[in-house]
Amino acid sequence: MFNNIEKNLYERIGTGLFVALFVAFLFTVLFQSYVYQYKSAFFGFAVATILVTFGFFVMLKVKEELEADEKR
C-alpha cells in the first residue's frame, strides 16, 4: 500500500515539476520583445491545437461507442 502511495506521489511531483518548468519557459519566451508581436499568432495556434485535440478525443469516444454497440 505504501509503495503505491509513494509511486503516485513521485508521479505527481514529477508531473508538477515538468508543467512548472514548461510554463516558466513558455512565459519567458513569450514575453520577449522580439516574440511579443507574434503573440496573437501563438495564441491562435494554441486554440486551434486545443480544438483539434478535443475533436480527436470526441471522435475516439464515438468510435469506441459504435464498436461497443456492434459487439452487442
Side-chain angles (χ1 to χ4, degrees):
M1 179 177 157
F2 289 115
N3 290 337
N4 290 339
I5 293 172
E6 185 178 356
K7 181 181 176 187
N8 193 11
L9 185 62
Y10 283 138
E11 288 174 357
R12 286 185 182 178
I13 291 172
T15 303
L17 183 63
F18 175 74
V19 168
L21 288 175
F22 178 76
V23 168
F25 176 74
L26 177 69
F27 282 117
T28 300
V29 171
L30 189 62
F31 291 112
Q32 295 295 323
S33 60
Y34 59 88
V35 178
Y36 195 70
Q37 59 186 345
Y38 301 110
K39 190 164 66 168
S40 62
F42 170 76
F43 284 129
F45 175 74
V47 168
T49 303
I50 290 170
L51 288 175
V52 167
T53 304
F54 179 72
F56 174 74
F57 283 125
V58 167
M59 291 303 294
L60 186 64
K61 290 295 181 184
V62 168
K63 179 184 172 228
E64 288 174 358
E65 289 297 321
L66 289 174
E67 287 177 351
D69 262 355
E70 254 180 36
K71 290 181 182 179
R72 291 182 200 168

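Quick note: numbers below take in every heavy atom, side chains included, and nothing from hydrogens, waters or symmetry partners.
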Can you give me every donor-acceptor pair (side chain of residues 46-65, partner residue at least two apart or in another chain, under 3.5 Å) with its distance?
from: Thr49; atom 1: OG1; to: Phe45; atom 2: O; distance (Å): 2.8
from: Thr53; atom 1: OG1; to: Thr49; atom 2: O; distance (Å): 2.8

Margin query: Test: salt bridge (charged side-chain N to carboxylate O under 4.0 Å, His left out). Region: residues 14-29. Which pairs qualify, not counting sequence neighbours?
Written below: none
Notebook entry, point to check: Any salt bridge (charged side-chain N to carboxylate O under 4.0 Å, His left out) pairs touching residues 43-52, not counting sequence neighbours?
Noted result: none
